[in-house]
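Small disclaimer: the values here were computed from a predicted structure and weren't measured.
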Amino acid sequence: MYSVPAIAIRQLLVSGGSTMAAAEVARQMSEGARNLSLSGHVGFDSMPDQLVNKSVCQGFCFNILCVGETGLGKSTLMDTLFNTRFEGDPAAHNQPGVHIKSNNYELQESNVRLKLSIVNSVGFGDQINKEESYKSIVEFIDAQFEAYLQEELKIKRTLHNYHDSRIHVCLYFIAPTGHSLKSLDLVTMKKLDSKVNIIPIIAKADSISKNELQKFKIKIMSELVSNGVQIYQFPTDDETVAEINGTMNAHLPFAVVGSTEEIKIGNKMMKARQYPWGTVQVENESHCDFVKLREMLIRVNMEDLREQTHTRHYELYRRCKLEEMGFKDTDPDNKPFSLQETYEAKRNEFLGELQKKEEEMRQMFVMRVKEKESELKEAEKELHDKFDRLKKLHQDEKKKLEDKKKSLDDEINAFKQRKTAAELLQSQAQQSGSQQTLKREKERKNFF
Ligand code: GTP
Ligand code: MG
């Protein structure tokens, strides 16, 4: 059997299938179930071990979102936290907007496998106009929720081997200015606080003095409170971790230093940053809060962060989305309303609307046909009138032409008559002329 720390068992019991068992026990107890003592070993006390075995087999996934201005030491801190060097080319920071870059890694510690996603907001704070800087981050978080919701709503779900990309924690890197939060920090955290567990951290804390750091921490917390920004609180409802979590809540925001460089201090190799005036030990609690962050983020509350993501942030997203789609748990009289009933009601409403639309379209069609018919009739009448007018015009023209033809014929006839008479006269005149010529010729001959 695995030796599992009490915290891990607690976390496993709270999460996943064990919540169902707890609910069942609560139900039975409320129904007055009898308490029996066993007279021998049965074996269900191995339930926690079974859960641990199953979880170890499946492996875990954890997704971290790093938000903070360029060069605040985000990548260095991730390397330091997980004691490895995550490869990845440094991103260009001269883009017009913020874009999200996600890298997935598989890590193994003892026999526990962890699928780790480190999501970076590249270019955050690089633009002159920073108004929209939070948008792509919010969109990314929502997109992961949406993908999970779509998987959940499928008929054939494969949630057991679904790669959960929902963001479990957002490490918000605050610049070590020693003054106050920038408006970009406040706006971004406010936009994110209902969607993700935010752990604010003061980056590069070695660049700020001890006194200033305390004042800076107080200032940051008071600004967050006065602006209504909800940051993640380490849970104090379980007595095994209540004390440590309660103490750590008072240390927020953690002031961290990151380094992958190892330096020999005494006999030990330690992660540190070396300066001409001294050495900052990353894992020395009097130098910075790195150990506190690692303890809280990874060793104590990793499962709670996963659980809060599912039960609080995802639940909120899911509820809003389903309500947007018209699903409700109760009817207007506050009576329980099942999904089936909602579906039926929605379907009927939809069918009713469809029928109404169909009727409207039918009526519109009939009206259009009528309009077109009357338009066509009008056009036909106009055509008939035009035809009649043209026909009459044609007839008049024809009659005029016939009259003209008749008068011309008459003229031609008269002309012909006149011509014939003239020809007759002309021939008569010619005849009488030739007779006179002959007579004169005869007379002249006689004269000679
Ligand atoms: P981008 O990914 O480009 O936004 O940068 P980043 O936020 O990932 O910063 P990165 O880890 O690349 O570190 C930038 C510089 O800061 C490097 O020179 C680091 O050595 C240095 N640095 C990282 N952590 C610390 C720290 O805690 N203190 C100090 N003083 N310097 C640090
Ligand atoms: Mg980086």
Side-chain angles (χ1 to χ4, degrees), residues 11 15 60-69 72 74 77-78 81 98-104 114-125 132-152 162-174 181-182 184-203 220-221 223-225 227-235 245 248-249 252-254 256 293-294 296-298 300-321:
Q11 288 172 341
S15 70
F60 298 87
C61 84
F62 194 62
N63 306 320
I64 304 179
L65 167 68
C66 294
V67 181
E69 290 172 42
L72 274 184
K74 302 182 288 292
L77 189 77
M78 287 300 108
L81 268 177
V98 179
H99 80 268
I100 304 296
K101 196 170 168 220
S102 175
N103 288 315
N104 301 319
L114 179 70
K115 277 187 187 157
L116 179 73
S117 287
I118 298 180
V119 181
N120 253 303
S121 52
V122 180
F124 184 76
E132 310 255 282
S133 297
Y134 67 86
K135 263 199 172 164
S136 49
I137 305 172
V138 168
E139 277 165 13
F140 180 84
I141 295 173
D142 281 348
Q144 311 319 306
F145 283 149
E146 184 60 32
Y148 191 87
L149 180 64
Q150 288 306 321
E151 186 62 36
E152 235 186 19
Y162 171 79
H163 175 71
D164 188 0
S165 56
R166 294 171 298 174
I167 300 295
H168 299 119
V169 66
C170 163
L171 293 181
Y172 195 93
F173 289 69
I174 299 164
L181 285 171
K182 299 178 186 179
L184 172 68
D185 298 330
L186 280 172
V187 170
T188 310
M189 282 197 257
K190 186 79 202 131
K191 293 283 177 192
L192 295 182
D193 70 353
S194 60
K195 296 181 178 291
V196 68
N197 301 308
I198 301 176
I199 300 182
I201 52 180
I202 300 170
I220 289 171
M221 288 313 284
E223 279 189 339
L224 289 177
V225 171
N227 285 284
V229 178
Q230 296 270 320
I231 58 166
Y232 174 70
Q233 292 291 308
F234 304 118
N245 277 352
M248 290 301 155
N249 278 330
L252 285 169
F254 293 136
V256 296
L293 173 67
R294 187 176 60 194
M296 288 295 97
L297 177 69
I298 302 172
V300 181
N301 295 305
M302 204 180 215
E303 183 52 30
D304 185 70
L305 286 161
R306 283 158 40 91
E307 194 190 315
Q308 290 288 325
T309 303
H310 187 70
T311 56
R312 217 173 112 216
H313 302 300
Y314 170 67
E315 205 56 32
L316 180 66
Y317 178 85
R318 182 179 171 279
R319 199 180 70 210
C320 294
K321 258 284 139 133

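Separating the CD atom in Q144 from the CG atom in L65 is a distance of 10.0 Å, to the nearest 0.5 Å. Atom CD of E223 is separated from atom CG of L186 by 5.5 Å, given to the nearest 0.5 angstrom. Of the inter-residue distances, the one linking N120 atom CG with H99 atom NE2 reads 9.5 Å to the nearest 0.5 angstrom. Going from atom CG of L81 over to atom CD1 of I298 covers 5.0 Å, rounded to the nearest 0.5 Å. The OG atom of S102 sits 9.5 Å away from the CD1 atom of I118 when rounded to the nearest 0.5 Å. If you take NE2 on H168 and CD1 on I64, they are separated by 10.5 Å, rounding to the nearest 0.5 Å.
N197 places a side-chain heavy atom less than 4.5 Å from the side chain of R312. Using a 4.5 Å heavy-atom cutoff, the side chains of I201 and L77 are in contact. Within the 4.5 Å cutoff, the side chain of F145 has no heavy atoms near those of the R318 side chain. No side-chain heavy atom of I220 sits under 4.5 Å from any side-chain heavy atom of L252. Between I231 and Y172 there is no side-chain heavy-atom pair separated by less than 4.5 Å. Inter-residue side-chain proximity for L171 and L293 is flagged as met; some heavy-atom pair is nearer than 4.5 Å. Q308 is not listed as a side-chain neighbour of P235, based on a closest heavy-atom distance of 4.5 Å or more. Using a 4.5 Å heavy-atom cutoff, the side chains of I141 and Y317 are not in contact.
Scanning both residues, S133 and V98, for their nearest heavy atoms gives O-CG2, 3.7 Å. Taking each heavy atom of M78 and C66 in turn, the nearest pair found is CE-SG, 3.7 Å. Between G68 and F124, the closest heavy-atom pair is C-CD2, 3.7 Å. Nearest heavy-atom pair across S194 and L316 is O-CD2, 3.6 Å. The shortest heavy-atom contact between S117 and H163 is OG-NE2, 4.2 Å. I100 and S136 make their closest contact through CG1-O, 3.7 Å (heavy atoms, listed as atom of the first residue, atom of the second, distance).
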*I would like to know whether F254 and M296 meet side chain to side chain contact (heavy atoms under 4.5 Å, CB included); could you show each step before the answer?*
CA-CA 10 Å; F254 293 136; M296 288 295 97; 3.9 Å; yes
*asked:* Please evaluate residues Y148 and H310 with respect to the criterion side chain to side chain contact (heavy atoms under 4.5 Å, CB included), reporting the C-alpha separation (whole Å), side-chain torsions for both, the decisive distance (0.1 Å), and the verdict.
replied: CA-CA 10 Å; Y148 191 87; H310 187 70; 3.8 Å; yes
*Under the side chain to side chain contact (heavy atoms under 4.5 Å, CB included) rule, what do I198 and V196 come out as? Steps first, then yes or no, please.*
CA-CA 6 Å; I198 301 176; V196 68; 4.1 Å; yes
*Can you list the steps and then say if F62 with V169 is a side chain to side chain contact (heavy atoms under 4.5 Å, CB included)?*
CA-CA 8 Å; F62 194 62; V169 66; 3.8 Å; yes
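When the shell of 6.0 Å around NZ of K191 is examined, it contains 12 or fewer heavy atoms from other residues, nucleotides or ligands.
Relative to the ring axis of Y314, R166 places its NZ or CZ within 45° and under 6.0 Å from the centre.
In this structure, the side chain of E69 does not engage the main chain of G125 through any donor-acceptor pair within 3.5 Å. Proximity of a side-chain donor or acceptor of D185 to a complementary backbone N or O of K182 within less than 3.5 Å is detected. N63 places no side-chain N or O within 3.5 Å of a backbone atom of V119 that could act as its donor or acceptor partner. Remark: the backbone N or O of V122 is not paired with any side-chain donor or acceptor of K101 at under 3.5 angstrom.
Evaluation of the side-chain hydrogen bond (donor to acceptor under 3.5 Å, both in side chains) rule for Q233 yields no partner, not counting sequence neighbours.
Side chains of Y232 and D304: a donor on one and an acceptor on the other come within 3.5 Å.
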